[in-house]
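Notes follow the structure.
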Amino acid sequence: MSELKRKDLLIINDSLLYLSNLKTKAWYGVSRNLQKIKSSLEEIDENRKNITEKLQKKDKNGSVVTEEVNGMKIPVFENKEEADKLWQEFMDEDAPAIEFYEIEIKKLEDVELDAIVIEPLLDKILVEK
């Protein structure tokens, strides 16, 4: 198996969640793989929080400065380029080695699938036997 980057784990997680919502016969393998990547996803989230907390702009009272974008409040960064650079560098690092639970593709033959969403799982999780 080729080496995965941390960003690949986010994509794999999204693909597994997509399969989970379809209620397929592959439910067990999907659940097992979600469990296997859970700690890595928690590490990614923790790093995101650290970058955000470290580089957010704060007012004179120490409160985070936010701006509204499309009806959502998002934090303003002291140096957005630096935050983006740190995040990108972290996401481009090798992910921890994960031994995925293999799912036979035939367990999905009765379900209409989105090829773009499924592609990241091919040969890593979805296999032909």
Side-chain angles (χ1 to χ4, degrees):
M1 178 170 84
S2 64
E3 297 223 358
L4 295 175
K5 304 294 182 191
R6 285 189 168 105
K7 63 186 171 189
D8 297 325
L9 292 181
L10 292 177
I11 295 167
I12 288 170
N13 183 64
D14 288 345
S15 297
L16 289 168
L17 291 173
Y18 165 79
L19 281 180
S20 178
N21 287 325
L22 296 178
K23 298 180 171 69
T24 69
K25 293 178 186 175
W27 65 268
Y28 179 80
V30 170
S31 296
R32 294 285 300 168
N33 285 309
L34 285 169
Q35 283 180 331
K36 287 179 177 278
I37 63 174
K38 184 177 180 178
S39 65
S40 294
L41 294 176
E42 288 170 350
E43 179 186 356
I44 289 170
D45 189 51
E46 187 64 32
N47 186 272
R48 180 194 56 78
K49 287 178 187 175
N50 289 339
I51 291 170
T52 302
E53 289 173 7
K54 179 179 163 185
L55 297 174
Q56 283 177 333
K57 186 174 187 176
K58 296 188 172 82
D59 64 18
K60 62 184 176 188
N61 298 324
S63 299
V64 174
V65 176
T66 61
E67 64 183 4
E68 193 165 316
V69 177
N70 297 327
M72 292 180 59
K73 287 188 176 188
I74 60 168
V76 175
F77 289 93
E78 290 285 346
N79 185 339
K80 181 153 177 25
E81 293 78 24
E82 178 68 14
D84 290 343
K85 180 181 173 244
L86 288 172
W87 177 248
Q88 192 62 48
E89 287 172 357
F90 179 74
M91 294 306 290
D92 285 339
E93 289 178 8
D94 289 341
I98 297 173
E99 189 174 327
F100 290 109
Y101 182 90
E102 292 183 346
I103 301 170
E104 292 182 57
I105 291 176
K106 68 182 178 181
K107 288 190 175 185
L108 303 172
E109 63 190 16
D110 296 338
V111 182
E112 189 173 321
L113 300 170
D114 182 324
I116 293 171
V117 178
I118 294 301
E119 188 273 333
L121 304 179
L122 294 176
D123 302 324
K124 295 173 193 70
I125 294 173
L126 296 178
V127 296
E128 295 180 52
K129 287 189 177 184

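Since this is a predicted model, take the numbers as computed values, not measurements.
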Are the side chain of [X] and the backbone of [Y] linked by a donor-acceptor contact shorter than 3.5 Å?
X: Asp8; Y: Lys5; value: yes
X: Ser15; Y: Val117; value: yes
X: Asn61; Y: Ser63; value: no
X: Tyr101; Y: Ser31; value: no
X: Lys36; Y: Glu99; value: yes

Do [X] and [Y] come close enough that some side-chain heavy atom pair is under 4.5 Å?
X: Glu43; Y: Arg6; answer: yes
X: Asn79; Y: Glu81; answer: yes
X: Trp27; Y: Leu19; answer: no
X: Glu102; Y: Ile125; answer: no
X: Ile12; Y: Phe100; answer: yes
X: Leu16; Y: Ile37; answer: yes
X: Leu34; Y: Asn13; answer: yes
X: Tyr28; Y: Ile103; answer: no

So with a 6.0 Å cut-off around [atom1] of [X], is the heavy-atom count from everything else above 12?
X: Ile116; atom1: CD1; value: no
X: Glu67; atom1: CD; value: yes
X: Lys58; atom1: NZ; value: yes

From CA spacing to verdict: salt bridge (Lys or Arg N to Asp or Glu O under 4.0 Å), Lys49, Glu53: CA-CA 6 Å; Lys49 287 178 187 175; Glu53 289 173 7; over 6 Å; no
Rounded distance (nearest 0.5 Å) linking atom [atom1] of [X] with atom [atom2] of [Y]:
X: Asn47; Y: Glu89; atom1: CG; atom2: CD; result: 10.5 Å
X: Gln56; Y: Glu78; atom1: CD; atom2: CD; result: 10.0 Å
X: Ser39; Y: Ile44; atom1: OG; atom2: CD1; result: 10.0 Å

Which atom of Glu112 lies closest to which atom of Leu22, heavy atoms considered: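 Closest heavy-atom pair between Glu112 and Leu22: O-CD1, 4.2 Å.
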Distance-minimising heavy-atom pair for Lys129 and Glu104: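 Smallest interatomic distance, heavy atoms only, reads CD-CG, 3.7 Å.
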Check the hydrophobic clustering (I, L, V, M, F, W, Y; side-chain heavy atoms under 4.5 Å; chains of links allowed) and say if [X] and [Y] are grouped together.
X: Val76; Y: Leu86; value: no
X: Ile105; Y: Val127; value: no
X: Val64; Y: Leu55; value: no
X: Ile11; Y: Leu9; value: no
X: Val65; Y: Ile51; value: no

Set of residues satisfying side chain to side chain donor-acceptor pair (under 3.5 Å) with respect to Arg48, sequence neighbours excluded: Asp45
Stepwise side chain to side chain contact (heavy atoms under 4.5 Å, CB included) test for Leu108 and Leu113: CA-CA 8 Å; Leu108 303 172; Leu113 300 170; 3.9 Å; yes
Side chain to side chain contact (heavy atoms under 4.5 Å, CB included) between Asp110 and Lys25, worked out: CA-CA 9 Å; Asp110 296 338; Lys25 293 178 186 175; 3.4 Å; yes
Chi angles and distances behind the side chain to side chain contact (heavy atoms under 4.5 Å, CB included) call for Phe77, Asp84: CA-CA 10 Å; Phe77 289 93; Asp84 290 343; over 6 Å; no
Residues Lys38, Gln35; criterion side chain to side chain contact (heavy atoms under 4.5 Å, CB included); working and verdict: CA-CA 5 Å; Lys38 184 177 180 178; Gln35 283 180 331; 5.6 Å; no
Salt bridge (charged side-chain N to carboxylate O under 4.0 Å, His left out), paired with Lys7, selected from Asp94, Asp14, Asp92: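 When Asp94, Asp14, Asp92 are each tested with Lys7, the salt bridge (charged side-chain N to carboxylate O under 4.0 Å, His left out) holds only for Asp92.
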